[in-house]
Amino acid sequence: MEKRKLRIGLLLDGTELAAWAYRMIEIIGQSDYAEISLIVQNSLPAEERRLTLASKIANKIRERRFWTSVIRLTLATLVRLLIGKPGRLPDASKQVDGTELLAGVEVIKVYPRRQQFSDYIEGDDLARIQARDLDVFIRLGFRILRGGILGSARYGVWSYHHGDNRVNRGGPANYWEVMESSPESGSVLQILTEDLDGGRVLYRSYSSTDDMSLADNRSNVQWKTLHFIPRKLKELQEEGEETFFARVKEENAHLQIYDRPLYKAPTNSELSAHLWNKLSQKLRRKWDDTCYFRQWFLLYDICDKRSTSLWRFKHITPPKDRFWADPFIVTRDNKYYVFIEEFLYATNKGHISVIVMNKDGSFEPPVSVLEAPHHLSYPFILEFEGDVYMIPESRGNRTLELYKCTAFPHKWEFQKNLMKDCQVVDPTLFQCQGKWWMFVNQIETEGASLWDELFLYYSDSPISDTWTPHQRNPIVSDVKSARPAGRLFVHNGHLYRPSQNSSAHYGYGFNICEITKLTETDYEERIVSRVEPKWDRNIVSTHTINYEDGLTIIDGQLRRRRW
């Protein structure tokens, strides 16, 4: 029996929509699991905007706050010039006319009762809404909603909080993380309750903070989070109410006590301090970029087991015109063949090279083995049915490419694309339970970060071009642990996945995650070890680890003088 589509209502201030919200509504409207059935439009903001600029200034003068407003405007202008200009990412907040997108959807215009910061939809307005028998309301307008509207849809009012509600409640969205240089910016999807920002959490995710661009930090989070509601609506429709909300209940079972202030728009004094701090940061970074550069290099140790004391590792440092990263090991003829990304600064493009290392640690300089018109990195190697294959990262070509070794280790021939028209990075395969599992980081909308979300696929063969997406994709949505950092491995009967931590900056550190559940319908992992670049003050990053037959190898990033 075919399941009915969920009936969705939108709570809007008008038909002008932020670009990210427009795209989210578009995805829902094109889906087979939900439909937009009603728009509840707030009619009050349009009337209040009729207040003229002259009237506003006159009000400020009467309130003796005119010069305070002038100072505020000056500070805001300076902040905008320093870190508030349009960024490199497409603007997720850009206003888009949604008239055509929403054409044909019933509209109920309401006049909410306003009380301080809250909106109450009551009386006939509320009765008309309740009669429409909706499953979910999506809040994309109004202020803080309270009262009967919160229970007017069967599964409540779903609302984004562009911030981590465990450390940052209030607003402005994605602002304080930038101003306070937080390493990460959280985002939450919740079912609203009367407790401000304390509703039942449906989705929680983290991104790396771009602390020098308010626009890019906001856009990155918004482009990613637009997919949260479509994903959860699909889960709800496919799994059913009982299974879906049993998981929600379990995930919200623990008591959460909020011990931070309610964040608000900064005062003039706070804005002045932020402005000075950001200017100082920018000057320090400019000086650092002028005098120093960051270069990936390799570190290794050879012993009879996995090496765990990183301060013991020996260095392999490249010339200053390139970097070496993403080491993967193959053992042949009592030698180690270490395949790496070799990136030349002059061409701004990576290729795959191999370093031949003896069991005593002596090695030959790297030799190029695979080049393409586009960038290649992360040379994942696998052996299957007697042949050796490489699946490097080839995002620059919007493909995931498979190469076969025809003369080890120097000759590789392209076989086919495992995926096309995709943006995936760091493909990592593992065979388990009679299937091949492929872990990749991926983005679904241009403008979101490739560091944040881990997707899982499975197939009967590692060289198949048909991969089934996991039902819980993305299985990890957290910049601190999503992106792959090397081969999966079994140790003392436990299955582990190395993962990157890019919260402070790209490739800052890595984790060892124990996979506790891996099926076609479920996935769970937990971090059992965190590695940060603290054993050497000149090393600022480390983001890949691999082991084979006594050789443990990682990469690191050095802060080196330009001259």
Side-chain angles (χ1 to χ4, degrees), residues 181-184 206 208-209 284-285 288-289 291-320 322-329 336 338-343 355 357 359-363 366 377-378 426 428 451 478-489 491-492 494 496-514 526-562:
S181 293
S182 301
E184 61 199 45
Y206 297 93
S208 179
T209 300
R284 286 196 303 270
R285 292 181 187 182
D288 193 75
D289 289 343
C291 299
Y292 300 89
F293 73 104
R294 297 186 176 190
Q295 180 188 40
W296 289 96
F297 72 111
L298 307 176
L299 305 93
Y300 73 95
D301 189 43
I302 301 174
C303 64
D304 58 358
K305 59 181 181 180
R306 293 179 185 272
S307 301
T308 56
S309 297
L310 300 184
W311 58 270
R312 298 180 185 273
F313 281 41
K314 299 178 178 65
H315 292 197
I316 304 178
T317 305
K320 286 188 173 182
R322 65 194 67 200
F323 71 65
W324 298 333
D326 297 343
F328 281 83
I329 311 164
Y336 301 117
V338 182
F339 293 87
I340 60 170
E341 172 197 354
E342 184 168 35
F343 185 97
I355 296 173
M357 180 179 289
K359 290 296 181 81
D360 62 3
S362 59
F363 59 88
S377 61
Y378 200 82
D426 299 349
T428 305
W451 309 348
D478 188 344
V479 71
K480 299 187 296 298
S481 62
R483 192 160 169 165
R487 292 184 183 279
L488 278 71
F489 63 92
H491 180 70
N492 290 336
H494 298 273
Y496 297 99
R497 182 183 75 89
S499 70
Q500 293 186 35
N501 173 7
S502 293
S503 61
H505 56 257
Y506 170 69
Y508 169 68
F510 64 83
N511 316 291
I512 303 299
C513 304
E514 182 190 7
R526 63 188 183 98
I527 297 175
V528 297
S529 181
R530 301 177 190 270
V531 177
E532 297 178 353
K534 295 183 176 180
W535 69 93
D536 185 329
R537 67 177 184 175
N538 293 316
I539 298 176
V540 296
S541 307
T542 176
H543 79 345
T544 308
I545 180 169
N546 278 301
Y547 171 83
E548 181 77 25
D549 192 25
L551 172 63
T552 304
I553 192 163
I554 66 173
D555 55 12
Q557 195 179 46
L558 283 171
R559 180 174 177 267
R560 297 186 67 180
R561 292 184 180 273
R562 292 190 181 275

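Note that the coordinates shown come from a computational prediction; the quantities given were computed from them, not determined experimentally.
Here Glu342 pairs with Arg322 under the salt bridge (charged side-chain N to carboxylate O under 4.0 Å, His left out) rule; sequence neighbours left out. Among residues two or more places apart in sequence or in another chain, the side chain to side chain contact (heavy atoms under 4.5 Å, CB included) test is passed with Arg284 by Ser280, Gln281. Under the side chain to side chain donor-acceptor pair (under 3.5 Å) criterion, Arg559 pairs with Asp288, not counting sequence neighbours. Residues forming a side chain to side chain donor-acceptor pair (under 3.5 Å) with Thr552 (at least two apart in sequence, or on another chain): none.
Judged purely by atom type and a 3.5 angstrom limit, Arg483 has no side-chain atom pairing as donor or acceptor with the backbone of Ser502. A donor-acceptor distance shorter than 3.5 angstrom exists from the side chain of Asp478 to the backbone of Lys480, with no hydrogens or angles considered.
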In a table with atom names and distances, give each donor-acceptor pair under 3.5 Å that connects a side chain of residues 300-316 to protein atoms at least two apart or in another chain.
residue	atom	partner	partner atom	Å
Tyr300	OH	Gly361	O	3.1
Asp301	OD2	Ser307	OG	2.7

All N/O donor-acceptor pairs, side-chain side in residues 540-550, below 3.5 Å, sequence neighbours left out:
residue	atom	partner	partner atom	Å
Ser541	OG	His505	NE2	2.8
Ser541	OG	Gln557	OE1	2.9
Thr542	OG1	Asp555	O	2.7
His543	ND1	Asp555	OD1	3.1
His543	ND1	Asp555	OD2	2.9
His543	NE2	Tyr506	OH	3.2
Thr544	OG1	Asp326	OD1	3.3
Thr544	OG1	Asp555	OD2	3.1
Asn546	OD1	Arg487	N	2.9
Asn546	ND2	Pro327	O	2.7
Tyr547	OH	Gly550	N	3.1
Asp549	OD2	Lys359	NZ	2.9

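For the atom pair CZ (Phe297) and CG (Leu558), the distance works out to 4.0 Å, reported to the nearest 0.5 Å. Taken from OG in Ser503 to CD in Glu184, the straight-line distance is 5.5 Å, to the nearest 0.5 Å. Atom-to-atom distance recorded for Trp451:CH2 and Ser481:OG is 15.0 Å, nearest 0.5 angstrom. The structure places CG of Asn538 at 9.5 Å from OH of Tyr292, a figure rounded to the nearest 0.5 Å. Here the straight-line distance linking atom CG of Leu298 with atom CD1 of Ile355 works out to 5.0 Å at 0.5 Å rounding. Here Leu488 contributes atom CG and Ser499 contributes atom OG; the two are 10.0 Å apart, rounded to the nearest 0.5 Å.
Relative ring orientation between Tyr496 and His494 is described as tilted, the plane-to-plane angle lying within the 30° to 60° band.
When all heavy atoms of Gly507 and Trp296 are compared, the closest pair comes out as O-CH2, 3.8 Å. Looking at every heavy atom in both residues, Pro484 comes nearest to Thr428 through CB-OG1, 3.3 Å. Contact record, Arg560 with Pro318: NH1-O, 3.4 Å, taken as the closest heavy-atom pair.
Exactly one of Phe323, Tyr378, Trp324 qualifies for a ring pair (Phe, Tyr, Trp, His ring centres under 6.0 Å) with Phe343. That residue is Phe323.
Between the side chains of Gln500 and Asp426, at least one donor-acceptor pair of N or O atoms lies under 3.5 Å.
Heavy-atom neighbours of Arg561 CZ from other residues, nucleotides or ligands within 6.0 Å: at or below the threshold of 12. More than 12 heavy atoms of other shown residues, nucleotides or ligands fall within 6.0 angstrom of atom NZ in Lys320.
Considering only heavy atoms from C-beta on, Ile340 comes within 4.5 Å of Pro366 through its side chain. Counting heavy atoms from C-beta outward, Phe293 and Gln295 have side chains that approach closer than 4.5 Å.
Remark: aromatic rings of Phe339 and Phe328 are distant, center separation not under 6.0 Å.
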